[in-house]
Each structure stands twice: as C-alpha cells, then as structure tokens.
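Down below is the structure, laid out as structure tokens.
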2 protein chains.
Amino acid sequence: MAAMRPLVHPSVDDVTVEGILHALADPVRVAIYAGLAASEKGSSCSAFLQLDNREIPKSTLSQHFRALREAGLIRSERQGVEMRNTTRCAEINSRFPGLLPALMGAYQQQLIDRMKAAKRKGSKAKSG
Amino acid sequence: MAAMRPLVHPSVDDVTVEGILHALADPVRVAIYAGLAASEKGSSCSAFLQLDNREIPKSTLSQHFRALREAGLIRSERQGVEMRNTTRCAEINSRFPGLLPALMGAYQQQLIDRMKAAKRKGSKAKSG
DNA sequence: TTCAATAGTTCGCAACATATGAACTAACGA
DNA sequence: TCGTTAGTTCATATGTTGCGAACTATTGAA
C-alpha cells in the first residue's frame, strides 16, 4: 500500500497566475525556487534540507516541492536514487513575460532592505 | 461586546512581498484590487458585493478587504456611513518597483488567454 | 432622543489547508 | 537479499478561510 503515484506536471497553458503567487507566497518555497534557478543543472530535494540556518523536515520539504511542481514552477525527474529538480522559468516567462523576474526581484529588494535594517540595529545596540 | 477595533494599516516599510503575493493569490481580491485601481476616487466595499456575476457574502467581502488592508495594498477610511477604499500602489511601487504592474499584467494576460480559449471552444461546440 | 436604514465588522463553526513524525516505496550497490 | 540513500504517503494536530447570524457605527428622519 501507499501508492506513490507519478509526479504531476501541468502543461504550461494550465499554469495560473494565482497558482504561481500562492506557491511563491511562502518564503521556504521562494528560497527553493531561487536555489534551483541559480544552479546550472538543477538540484536534488535534499540539497534544501538545511535552508537559511533552519532545519526543514523532509516530509515538509516534499510537500513544498509538490506545491512548486503542481503550480508549474519546477520540473522534477527521477535520476537514479535521487530527484533532479529544474525551474520551468523559460516556459512561464513566455506565457507571463516578466512576472517571475519581477517577483524574484522584489524578494531580492526585500532581502537587501532587511540586511540594511539589521545593520542599523546592530550598530545601535552594539551586540543584539 | 464585539470590539470593532480600529483598522490596521501597516507602514510601507512593513509591507512584505510574501504578504502581497498571498493577498493577490486570490481571484476575488485581485478583482477588488483591480476595481479600486481603476476607480479614480476609490470605492466602498459594497460596490463589490456583486463581482463577475457572482454574489459575495458581505462577511466574506469584509475579510477580503481586511486581507488587502493588512497586506498594505489598500487604505480604508470611514466616510460617513460607508468606507472609502483606495489602493496604496504608489507607495508600494516605490518600495518594490514594477512588482504590482507585473502581477496585474500577468492576470490581464491570463484573462485574455481565457477569453480566447472560450471563444475557440464556443465556435467548436456551437453553443456550450 | 428614539427609531429605522445603510454599511461594515465580529463571532462561531464547518470545511479546507499545512506541518511534521512515522511508516512506507524506489533505485542502487555490495 | 540486504542495507543505504532519497523521496513519498499517511495520520493527525494545528491553522486558515468562508459564511450566516448577530453585532457596531453613522446618518437622517420623526
């Protein structure tokens, strides 16, 4: 028992904006997506078990990958004992031009702002 | 009893990308936001009780406005017996340049694609 | 004042979603 | 066949959402 059905990848025409936004409204999933986008040949799931100094349980991680997959943001294919995950950003970019760059750019901006804020606070209070 | 506390509007510096995406991952809220963006002097809540040929219960509508407000996307102020809701898109645009246009543009694209698909289907099956 | 009308909010609960430990499947190599 | 590594599924506890009913707030009569 416990079926282990094949992975679902929507066609690019079935990808929805609300699906993308929902998937990328979660910081963990954004970090995963950004990591995949940065790596040239994709990454396994377990590459993200430790993320941003935080332990992610692997069942949780599996759910996050599923969310990204079913939103159409990534493609996952088995490669031996592990999974090769890659972004589908080219496809999505051709359907919704500029959406993903804008999203990721805003997250990047937010990260910069937060680092600046942390630095300000750090110099004010000497040592957290 | 039943407190009716004052409306919460985050400062623009406290607006988060994940908050915006979560708020705009809901088609009803997107329709509201788009409606507000289109109207010159803002709209009341009840202007959206009927939306896209669908009845929205007013308690539900109230929650949607709250979600948009607390994500920092709109500002609501009482004006007599009703509420004046306006977008905060200028503020957000200066913090996350291009994010909102990209989002709304993608939704617009999706709408166009759906209309095209419906037309195709309509001419194939004569009268769906 | 008191009453009614209009516009939103809050409450309570049912339905749905999410996070995670435990138990599982799947591929590989010894 | 067994062990190992990688990921999925299940059960469940906890969180979130949708909506009817009951409430608050403001205005405008009477």
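Every chain is numbered from 1 and lettered A, B, ... according to where its sequence line falls, protein lines coming before strand lines. Worth saying up front: this structure is predicted, and the values here are computed from it rather than measured.
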(request) Give every residue pair that meets the salt bridge (charged side-chain N to carboxylate O under 4.0 Å, His left out) criterion with at least one member in residues 34-46 of chain B, sequence neighbours excluded. (result) none

(request) Measure from CD on Glu70(B) to C1' on dT16(D) and round the result to the nearest Å. (result) 14 Å

(request) Name all pairs fulfilling the salt bridge (charged side-chain N to carboxylate O under 4.0 Å, His left out) condition that reach into residues 44-71 of chain A, sequence neighbours left out, sorted by first residue then second. (result) Arg66(A)-Glu70(A)

(request) Report yes if at least one side-chain N or O of Arg5(A) is closer than 4.0 Å to OP1 or OP2 of dT9(D); otherwise report no. (result) yes

(message) Rounded to whole Å, please give me the gap between CD in Glu77(B) and C1' in dG8(C).
(response) 15 Å

(request) Take atom NZ of Lys58(B) and atom C1' of dG18(D), then tell me their distance rounded to the nearest Å. (result) 16 Å

Which side-chain N or O atoms in residues 96-105 of chain A pair as donor and acceptor under 3.5 Å with protein atoms at least two apart or in another chain?
none

(message) What is the separation between atom CE on Met83(A) and atom C1' on dT25(C), rounded to the nearest whole Å?
(response) 12 Å

(request) Determine the minimum heavy-atom distance between Asp14(B) and Pro10(B), stating which atoms define it. (result) CB-CB, 4.4 Å

(message) For the backbone of Ala34(A) and the side chain of Tyr107(A), can you confirm whether one donor and one acceptor N or O come within less than 3.5 Å of each other?
(response) no

(message) Side chains of Asn85(B) and Ser43(B): any donor to acceptor distance under 3.5 Å?
(response) no

(message) Once side-chain hydrogen bond (donor to acceptor under 3.5 Å, both in side chains) is applied, what residue pairs with a partner in residues 18-29 of chain B remain, sequence neighbours excluded?
(response) Gln110(A)-Glu18(B), Arg29(B)-His64(B)

Polar atom pairs (N or O), protein with nucleotides 26-30 of chain D, under 3.5 Å:
none

(message) Could you work out, with side chain to side chain donor-acceptor pair (under 3.5 Å) as the rule, every residue matching Arg84(B), not counting sequence neighbours?
(response) Glu82(B)

(request) Output the rest of the hydrophobic cluster of Val81(B): all Ile, Leu, Val, Met, Phe, Trp and Tyr residues reachable through side-chain heavy-atom contacts under 4.5 Å, sorted by chain and number. (result) none

(message) Short of 4.0 Å, heavy atom to strand atom, which residues of residues 60-68 of chain B count as contacting DNA chain C?
(response) Ser62(B), Gln63(B)

(request) Would you please name every residue forming a side chain to side chain donor-acceptor pair (under 3.5 Å) with Ser46(A), sequence neighbours left out? (result) Ser44(A)

(message) Just the rounded figure in Å: distance from P of dT24(D) to CE of Met4(B).
(response) 8 Å

(request) Identify the two heavy atoms, one from Leu49(B) and one from Pro57(B), that lie closest to each other, and give their separation to 0.1 Å. (result) CD2-C, 4.5 Å

(request) With sequence neighbours excluded, tell me which residues meet side chain to side chain donor-acceptor pair (under 3.5 Å) with Asp113(A). (result) Gln109(A), Arg95(B)

(request) Residues of residues 19-56 of chain A with any non-hydrogen atom less than 4.0 angstrom from an atom of DNA chain D: list those, numerically ordered, please. (result) Ser44(A), Cys45(A), Ser46(A)

(request) Report the end-to-end axis angle of the helix from dT1(C)-dA30(D) to dA30(C)-dT1(D); each axis comes from five terminal pairs, and the value is rounded to 10°. (result) 0°

(message) I'd like to know if Val30(B) and Leu73(B) are part of one continuous hydrophobic network [Ile/Leu/Val/Met/Phe/Trp/Tyr, side-chain heavy atoms within less than 4.5 Å].
(response) yes

